[in-house]
Amino acid sequence: MKQLYEGKAKIVYEGAPNEVIIRFKDDATAGNGAKKASIAGKGVLNNRITTLLFSYLAKHGIQTHLLEQIDERDIRCQKTQVIPLEVIVRNIAAGSMVRRYGAKRGMVFAQPIVEYSYKNDALGDPLLNNDHIVALGLATREELEYIRGQALRINDLLISRFAKIGMTLVDFKLEFGKNAEGTLLLVDELSPDNCRLWDESQTSYDKDRFREDSGDLIAGYETIYERLKETV
Ligand code: UDP
């Protein structure tokens, strides 16, 4: 397979016309690549969790790039032009909400926050407001409005899905891309690599275990996967 792109956690290969094959790696990074490790089994779990959650979202009317899971490592997806935005939805304060704004970890927001960062490692993924995004030509106002609506709908769907497995969805990151027809689709992945998930005692089951050396990452991801698999 011809490699098109290698990112920090996935490799994108050329597929059939207008399709790509995405392979989940075991590599983990944090702090914009400052901390690195290979964690055996992470890619397989993220592939399974992404497939499960994207299928769940699709069943509820969200258009995603996922076509099918090929095997333990690879998924087949629609090819898109990815919009270089990290769309972050926050329900509870953690991570940069605490670091950047001094919010108390665990503070529950009355309304979810949707924020955007520029997906650009060299610039350190700076925060963007709507005017920046339009001025830089990254998306139009109409596209942003659609993306925000989708992000909030996805948040509602995921909150209720994770509630069924006893987990609280603290925050998560989404990416969107445009397929050959110009339709905006949810792309990338949805896994504990890009969500924060807490149990009732605010224990993390996500990548914070790696970021903060606070526990066995695979055990956390496995718990999420096993519980998702056993529920609908
Ligand atoms: N996130 C991500 N990729 C990034 C930055 C953030 O997937 O490059 C996710 C992260 O896992 C968390 C949410 O987005 O679920 C909010 O992250 P935050 O802005 O708090 O940044 P962090 O604390 O991870 O630096």
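Both ligands and their constituent atoms are indexed starting at 1 by order of listing. The structure presented is a predicted model; accordingly, all values stated were derived computationally and were not measured. For reference, positions follow the sequence shown, starting with 1. Atom set for the values below is all heavy atoms of this structure, side chains included, hydrogens, waters and symmetry mates excluded.
- Of all the listed residues (Ser96, Ser117, Gly95), Ser96 holds the heavy atom that lies closest to atom 18 (P) of ligand 1.
- Residue Arg90 touches ligand 1 through its side chain alone, judged by heavy-atom distances below 4.0 Å.
- Inspection of the Asn47 and Glu72 side chains reveals no N or O donor paired with an N or O acceptor under 3.5 Å.
- Residues Ser191 and Glu189 have side chains that bring a donor and an acceptor to within less than 3.5 angstrom of each other.
- Of the candidates Asn129, Ile83, Ile133, Tyr116 forms a side chain to side chain contact (heavy atoms under 4.5 Å, CB included) with just one, namely Ile133.
- In this structure, atom 23 (O) of ligand 1 lies nearest to the protein heavy atom Arg196 NH2, 2.7 Å.
- Counting only N and O atoms by type, the side chains of Ser96 and Arg90 include a donor and acceptor under 3.5 Å apart.
- Under 4.0 angstrom from ligand 1, there are no non-hydrogen atoms of Ala30.
- A side-chain donor-acceptor contact under 3.5 Å links Tyr221 and Asp193.
- Closest protein heavy atom to atom 6 (C) of ligand 1: Ile88 CD1, 4.2 Å.
- For atom 7 (O) of ligand 1, the closest heavy atom belonging to the protein is Asn194 CB, 2.9 Å.
- Considering only non-hydrogen atoms, atom 11 (O) of ligand 1 lies nearest to Arg211 out of Lys173, Arg211, Lys207.
- Side chains of Tyr118 and Asp125: no donor on one and acceptor on the other come within 3.5 Å.
- The protein heavy atom nearest to atom 15 (O) of ligand 1 is Asp171 OD1, 2.6 Å.
- Using modelled atom types and a 3.5 Å distance limit, the side chains of Arg196 and Thr168 yield no donor-acceptor pair.
- Contact annotation for Asp193 and ligand 1: only backbone heavy atoms (N, CA, C, O) come within less than 4.0 Å of the ligand.
- Residue contact annotation: Arg99 has a non-hydrogen atom under 4.0 Å from ligand 1.
- Closest to atom 4 (C) of ligand 1, if we only count protein heavy atoms, is Glu86 OE1, 3.4 Å.
- By the 4.0 Å N-to-carboxylate-O rule, Asp27 lies too far from Lys42 to be salt-bridged with it.
- Of all atoms in ligand 1, numbered sequentially from 1 with element shown, those under 4.0 Å from a heavy atom of Cys195 are 15 (O).
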